[in-house]
2 protein chains.
Amino acid sequence: MAERPVLSKWEMDVARVVWEIGPASVREIHEHLSKQRQIDFTTVQTYLRRMESKGYLNSSLKGRIRIYSSRTRPGTVIRENVNELVDRLFGGEYMPLVRHLIEDRGVDREKIAELRELIERLETEQQQKGTADE
Amino acid sequence: MAERPVLSKWEMDVARVVWEIGPASVREIHEHLSKQRQIDFTTVQTYLRRMESKGYLNSSLKGRIRIYSSRTRPGTVIRENVNELVDRLFGGEYMPLVRHLIEDRGVDREKIAELRELIERLETEQQQKGTADE
DNA sequence: AGCTTACACGTACACGCGTACGTCATGCAA
DNA sequence: TTGCATGACGTACGCGTGTACGTGTAAGCT
């Protein structure tokens, strides 16, 4: 578990783009981000540089163009961030967050079905582990 | 929905204490926090000052002691933070986060029961709304 | 060959945050 | 009544972050 400095708010957006489009030049990443918000080319460049030095990205020169690629999988970064929030806001317990989410946001039929299916699956997995114990 | 500057990482911890113990002096809050981590009295004082100017706290002098109390309910702040994270990491969709939480952390029997109960309840609520539609 | 464009890279700068010191006033003890 | 303790409040400082400019250089166009 690499001990990385955290990604800042906006760096995270850059990371999301890199995950989405894969290894890419600054320009490509910038173009992608520009669709979502006004942001300067060199600002993106700075983000990428910093993210590389933080260990989140790799880069190499292809000709005179620098290509950045991700060193971290989305799942890892998401987990780190979610854990952080769960610790901070819910004292490390994640069920209250689950509860908050579905109570606060509300669920339609579709989501209920999804949840139902999910716990169905988890229960059978659980049972398999369970039979070993008893 | 007051447009407040966000609470920083550590300010959040202070907020949690204020929510927990209610209106309190700097010293009381500092003592509470000290149990969790080494932190200077005046640092807490600075946090409280800044949090008041951000609109999260009220304060008044009781004699020569300043008493801080919360202007915001935990639910509100939690919601803001969770929304922020859901936007940033999951593009605004909260179900992927629910999924992430229970898949990543795993659930024991107890939690499955809790979930089951929760969606049971939601379903009946849903149904009541549903009958109006059809 | 000279000019323009595109890009890398160093540098900058203001603001927020985490942390704390120093000063001044006030209340209590001797 | 003269200290000492306690607390408020102003101030500071370094680091991270959001943002971008300026300079140098290489590639392509004329």
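The sequence lines fix the lettering, A, B, ..., with proteins before strands; numbering per chain opens at 1.
A 4.0 Å heavy-atom criterion places the boundary nucleotides of DNA chain C facing chain B at C:dC17 to C:dG27, written 5' to 3'.
Sequence neighbours left out, the pairs with a member in residues 7-35 of chain A that pass salt bridge (charged side-chain N to carboxylate O under 4.0 Å, His left out) are A:Lys9-B:Glu84, A:Glu11-A:Lys54, A:Asp13-A:Arg37, A:Asp13-B:Arg88. Annotation: ring pair (Phe, Tyr, Trp, His ring centres under 6.0 Å) contacts involving residues 59-104 of chain B, sequence neighbours excluded, are absent.
Of the residues in residues 13-21 of chain A, not one places a heavy atom less than 4.0 Å from an atom of DNA chain D.
For B:Thr72, the side chain to side chain contact (heavy atoms under 4.5 Å, CB included) test picks out B:Arg4, B:Trp19, B:Tyr56, B:Ser70, B:Val77, with sequence neighbours left out. Among residues two or more places apart in sequence or in another chain, the side-chain hydrogen bond (donor to acceptor under 3.5 Å, both in side chains) test is passed with B:Arg116 by A:Glu123. Residues passing the salt bridge (Lys or Arg N to Asp or Glu O under 4.0 Å) test with A:Asp108, sequence neighbours excluded: A:Lys111. For A:Arg99, the salt bridge (Lys or Arg N to Asp or Glu O under 4.0 Å) partners at least two apart in sequence or on another chain are A:Glu103, B:Glu114. Applying the ring pair (Phe, Tyr, Trp, His ring centres under 6.0 Å) test to B:His32 and every residue at least two apart in sequence or in another chain returns nothing. Taking A:Asp104 as the reference, B:Arg79 meet the salt bridge (Lys or Arg N to Asp or Glu O under 4.0 Å) condition, with sequence neighbours excluded.
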With sugar-phosphate taken as primed atoms, P, OP1 and OP2 and all else as base, the protein-contact string of nucleotides 8-18 of chain D at under 4.0 Å (heavy atoms; B, S, -) is BBBBB----BB
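At least one side-chain heavy atom of B:Met95 sits under 4.5 Å from a side-chain heavy atom of A:Leu115.
Within the hydrophobic cluster formed by Ile, Leu, Val, Met, Phe, Trp and Tyr side chains joined at under 4.5 Å, directly or through other members, A:Ile65 is accompanied by A:Ile67.
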